[in-house]
Structures are given as structure tokens and as C-alpha cells.
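Data block below; observations after.
Sequence positions, counted from 1, serve as the residue numbers for this chain.
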Amino acid sequence: MTTQDDKQVNQSRRSALLGSTGLAALAALPLAAGLAGEALAAPQKPLRKTASTFTTRDGVEIYYKDWGKGQPIVFSHGWPLNSDSWESQMIHLANNGFRVIAHDRRGHGRSSQPWDGNDMDHYADDLAQLIELLDLKDAILVGFSTGGGEVARYVGRHGTRRVAKLALVSAVPPIMVKTAFNPNGLPIEVFDGIRNAQLANRSQLYLDIPSGPFYGFNRPGAKVSQGLIQSWWMQGMMGGHKNTYDSIKAFSETDFRADLAKFDKPTLIIHGDDDQIVPIDAAGRASARIVKGSQLIVYPGAPHGLTDTHKDKVNADLLAFAKA
């Protein structure tokens, strides 16, 4: 039963609402209606998808971003990062007349985390399916570190029919691990140590690597950026534990010599001569000897992560290469 006192209380509540938020909402109605009218009257532009996902033939969901217009440039990222690691290059090249595309490798970033298939053959096939999905032609493929291996294996497995140019930046080919035919490679114990550290404390490992050798922050007089360290850690932790663990074997032990021998398009190789992660003699310089007619640009004193520490030079060199 509602009493007279209850009615008075309810009336007071309604008055209070109208006196504050209620009046504010009523006051906004003419403006909102006007804006809605303007929106309806304005020409409707077609929507353009700038970031999306696709599902591979083996059921893995891959995230990618697609910016700008023009000749396509496709970026493959390093371990254990994701496509965000290319943002400085992508925004620069998109602003200079190119369509830029980058995906998060399976098990990394915003892509799904399959238990199996964390190897270079699958990485290359995923890249091929993205290029096929978007029907890219005359594409420029750019791979950083592990992504350089992905690009090389793509050429080895899928050829260069859709490719105009290739670029390897701080890339892992021809092969990282030390072998009888690769005496300048790193001992397997180095990679075993990374695996053990990941199992022991992945989060700490992903702080230690960018805090030290990745950006050369362990060198005397280095200007340390906590922002870069935190970004590296965040991207790494977005990846799956199993996927990034398996990827250590993929980037360190895969032999890309036969893949590089199939490069038949203009190729740019960029490498820092103070790369403590992927030493230049066993990587950039060795790849340049295999890829006929390739152009090697050495960055004196540059670390592995030169796409950030030397981003202006990398941007300029990639733009000049793309336009040539």
C-alpha cells in the first residue's frame, strides 16, 4: 500500500532528478537531436577495415593491421614481440604513400596460441595465407630478426610471384646456432640458457633482454629508455608461453641457406655491427654473400633493436629502398 508520505517522497525524488541530471539530460536533447540530424545529412563514407583477423587453414586465428594506400609493404616481427614493434616504420611509410600490413605471428600478440605448429614452415605458410587473403601483388616483404627467417622461408616455400622486393633487418638467416658449417654461430648452450630462463621466470627474462643486449642498454654511456623496455616486456608477455618457448628453436636452429638462394628480387639487408643478439658476421654479412645482388647497409655501433634506437635512419633507408 502506498501512503501519502510515500507519494511525497517519490515526488521529491523525481524533482531532485529533474533538478540535476534530469535537467542536464533534457537540456542536451536539442543539441543531441541537432547533431544526429547533421550526422544523417552528411554523406556516408564507406567503412574501411584497418585491423582484423583471419583463420588459417589449420584453424589458427591471426591478427593483422592494414593501414594506408599504395604499393603494399608487409612486415614480419621479431621474437617474442608482435606487429606493434613495427609501428614507427609503418606510420612513416603509410604517410609516404604506401599500404603497410603487419600481423601478429601465431602464438604472439593478439593471435591465438596453438599448442603445435610453432615453427618456420607454419610461420611462412601463415604469411602466405595473409598475402593470398588480401590478394597482394608487387609486395615488399620486410622481416626483422625472427621475422627475417619467416620472410626467407616464405620465399623458399612460396616463391616470389607476389613479391617485388625483400628486406632483412637484424635478421636471423642464414642460421644462428653454431654448427660445423657455421663456425661463427652461437653455441647451442646460449639458446638452452634462454629456454631455461623462460621456464624459470618468463616475465623477468622479458625485462632482462631489453634492459641489456637487445637495445645495447648494457653498453657504457647508453641512454636507457624505460619506455622501450616496458613496451618490449608487454609485447612479449602477450604471447603464449608455449609458443614463445618453441619459437626459440625455430629462430635459432632453422637453416635458411636454401631459402636465401631462391631470392630473385632486389634485396636490402640492414644490420648493426654491435648486434649482441644476432651477430652481424654470422647473419647480415653471411646472408649478403648468399643473396646475389643484395645491398648490405651496416649501422656502426647499432644494437639488435635498431628499428627503435635508429628508427629515423631505418625509416629513411626503407623508404628510399621502397621508392627505388
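Between the side chains of Asp104 and His77, no donor-acceptor pair of N or O atoms lies under 3.5 Å. Side-chain contact annotation: Glu150 with Thr146, donor-acceptor N/O pair under 3.5 Å absent.
Taking each heavy atom of Lys311 and Ser88 in turn, the nearest pair found is CD-OG, 3.5 Å. Looking at every heavy atom in both residues, Pro80 comes nearest to Thr244 through CB-CG2, 3.8 Å.
Under the 4.0 Å criterion applied to side-chain N and carboxylate O atoms, Arg99 and Asp66 are assigned as salt-bridge partners. Classification of Asp84 and Arg110 as a salt-bridged pair holds, one side-chain N sitting under 4.0 Å from a carboxylate O. Classification of Asp135 and Arg162 as a salt-bridged pair holds, one side-chain N sitting under 4.0 Å from a carboxylate O. Under the 4.0 Å criterion applied to side-chain N and carboxylate O atoms, Asp192 and Arg195 are assigned as salt-bridge partners.
Ring planes of Phe144 and His304: tilted class, angle from 30 to 60°. Between Phe251 and Phe191, the ring planes are perpendicular. Angles over 60° get that label, and only those under 30° would be called parallel. Classification of the Tyr123-His108 ring pair by plane angle, with boundaries at 30° and 60°, yields perpendicular. Between Phe214 and Trp232, the angle of the ring planes goes over 60°, which puts this pair in the perpendicular group of the 30/60° scheme.
In this structure, Ser203 and Met237 have side chains that are in contact, with non-hydrogen atoms separated by less than 4.5 Å. The shortest distance between side-chain heavy atoms of Leu260 and Leu168 falls below 4.5 Å.
Tyr245 forms part of a hydrophobic cluster together with Leu199, judged by ILVMFWY side-chain heavy-atom separations under 4.5 Å.
Applying the salt bridge (charged side-chain N to carboxylate O under 4.0 Å, His left out) rule to pairs touching residues 315-324 yields Lys313-Asp317, sequence neighbours excluded.
Under the side-chain hydrogen bond (donor to acceptor under 3.5 Å, both in side chains) criterion, Lys249 pairs with Glu253, not counting sequence neighbours.
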